[in-house]
Number of protein chains: 2
Amino acid sequence: MGITKTQIFTEKQNDLAQFFKVLGHPARVAILQYISSQNACICNDLVDEIGLAQATISQHLKELKSIGLLTGEVEGKSMCYCINVERWSEIQSQLNQFFNTTKSKCC
Amino acid sequence: MGITKTQIFTEKQNDLAQFFKVLGHPARVAILQYISSQNACICNDLVDEIGLAQATISQHLKELKSIGLLTGEVEGKSMCYCINVERWSEIQSQLNQFFNTTKSKCC
DNA sequence: ATTTAATATCGTAATATTGCAATATTAAAA
DNA sequence: TTTTAATATTGCAATATTACGATATTAAAT
């Protein structure tokens with residue numbers, strides 16, 4: 001199929017999975033790491049830095065924006081992409097909650 | 001394409017993305033939560049509990065095993081699936097390291 | 001006003017993922 | 001040894017994702 005049966009899961013489960021899914025691509029991991037390594041907000045240095053076409057980078061940025069991890073502001077004719085620190089912590093804490101509450105008692 | 005250009009990323013980035021990716025499906029989140037909610041190791045109650053076909057559940061279990069999150073032991077004619085607690089903590093700590101080292105200084 | 005540079009969007013091809021029915025496989029039970 | 005129950009695997013259809021070239025779009029620079 002390719003389609004996911006989201007109806008049979010809770011909203012929390014779907015949200016959590018969505019966070020994981022967005023982070024589940026090396027380009028998006030690399031984009032976040034690169035942005036965080038710069039003192040200033042970096043835009044399409046990403047195209048040079050990471051070896052993917054501009055259209056592809058733009059697509060990945062869009063997905064990162066979709067869960068609120070990145071914000072993009074127009075800066076002249078460029079874009080200034082930044083990590084949304086609040087959202088970042090929020091998601092980190094949700095993932096940790098998942099890890100901490102999901103513990104096996106068996107075996 | 002559908003194919004991911006793993007060659008252009010570091011092994012760490014690929015590994016990290018792979019962990020995220022495996023957790024990036026609500027069925028797999030639900031499976032982990034259900035296993036952890038039981039005192040004993042549960043096998044194909046999962047098929048009843050989660051509303052997916054047996055073949056589909058089996059496939060998801062396989063992916064969770066692929067990153068070492070689950071171990072499966074034969075128990076008579078059933079399987080006993082358990083969370084690998086060591087691996088669990090290891091992955092949690094890697095994800096946290098990613099979150100903690102990736103911080104924005106801009107905006 | 002034109003050009004230029006940066007980014008987004010569209011269309012498309014290739015591949016991956018999800019899900020299931022049907023069919024193995026395996027081990028206990030009869 | 002045949003049956004039964006639990007799980008894995010295979011094959012397939014439908015949809016999603018990844019990647020890119022081509023084409024908008026937008027704002028500064030000329």
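Per chain, numbering begins at 1; letters A, B, ... match sequence-line order. What's counted below: heavy atoms across the whole structure, side chains too, no hydrogens, waters or symmetry copies.
Under the 30°/60° scheme for interplanar angles, the aromatic rings of F98(A) and W88(B) are found to be tilted. Taking the six-membered ring where the residue is Trp, F20(A) and F20(B) present tilted rings, their angle falling between 30° and 60°.
By the 4.5 Å heavy-atom criterion applied to side chains, L70(B) and L32(B) are counted as neighbours. In this structure, the side chains of L61(B) and L46(B) come closer than 4.5 Å at one or more pairs of heavy atoms. Within the 4.5 Å cutoff, no side-chain heavy atoms of T102(B) are placed close to those of V29(A). For the pair L23(B) and F99(A), the minimum side-chain heavy-atom distance is below 4.5 Å.
We find that NE2 of H60(A) is positioned 14 Å from P of dA8(C), with the value rounded to whole Å. In this structure, the CD1 atom of I57(B) is 12 Å from the C1' atom of dC20(C), given to the nearest Å. Note: CD1 (I50(B)) to P (dC20(C)) measures 12 Å, nearest angstrom.
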(request) Using a 4.0 Å heavy-atom cut-off, write out nucleotides 5-11 of chain D from 5' to 3' as B (base contacted by protein), S (sugar-phosphate only) or - (no contact). (result) BSBBB--
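Contacts between residues 13-29 of chain A and DNA chain D, defined by a heavy-atom separation below 4.0 Å, involve K21(A), H25(A), R28(A), listed by number.
Comparing I3(A) and G2(B) by the nucleotide of DNA chain D that holds the closest heavy atom to each, the one mapping nearer the 5' end is I3(A). Looking at which nucleotide of DNA chain D each of T4(A) and G51(A) is closest to, the 5′-most match is held by T4(A).
Counting only distance, with no hydrogens or angles, the side chain of S58(B) and the backbone of A55(B) share no donor-acceptor pair below 3.5 Å. Remark: side-chain polar atoms of R28(B) are paired, donor with acceptor, to backbone N or O of V22(B) under 3.5 angstrom.
Residue-level contact check: E75(A) touches neither bases nor backbone, having no heavy atom under 4.0 Å from any strand.
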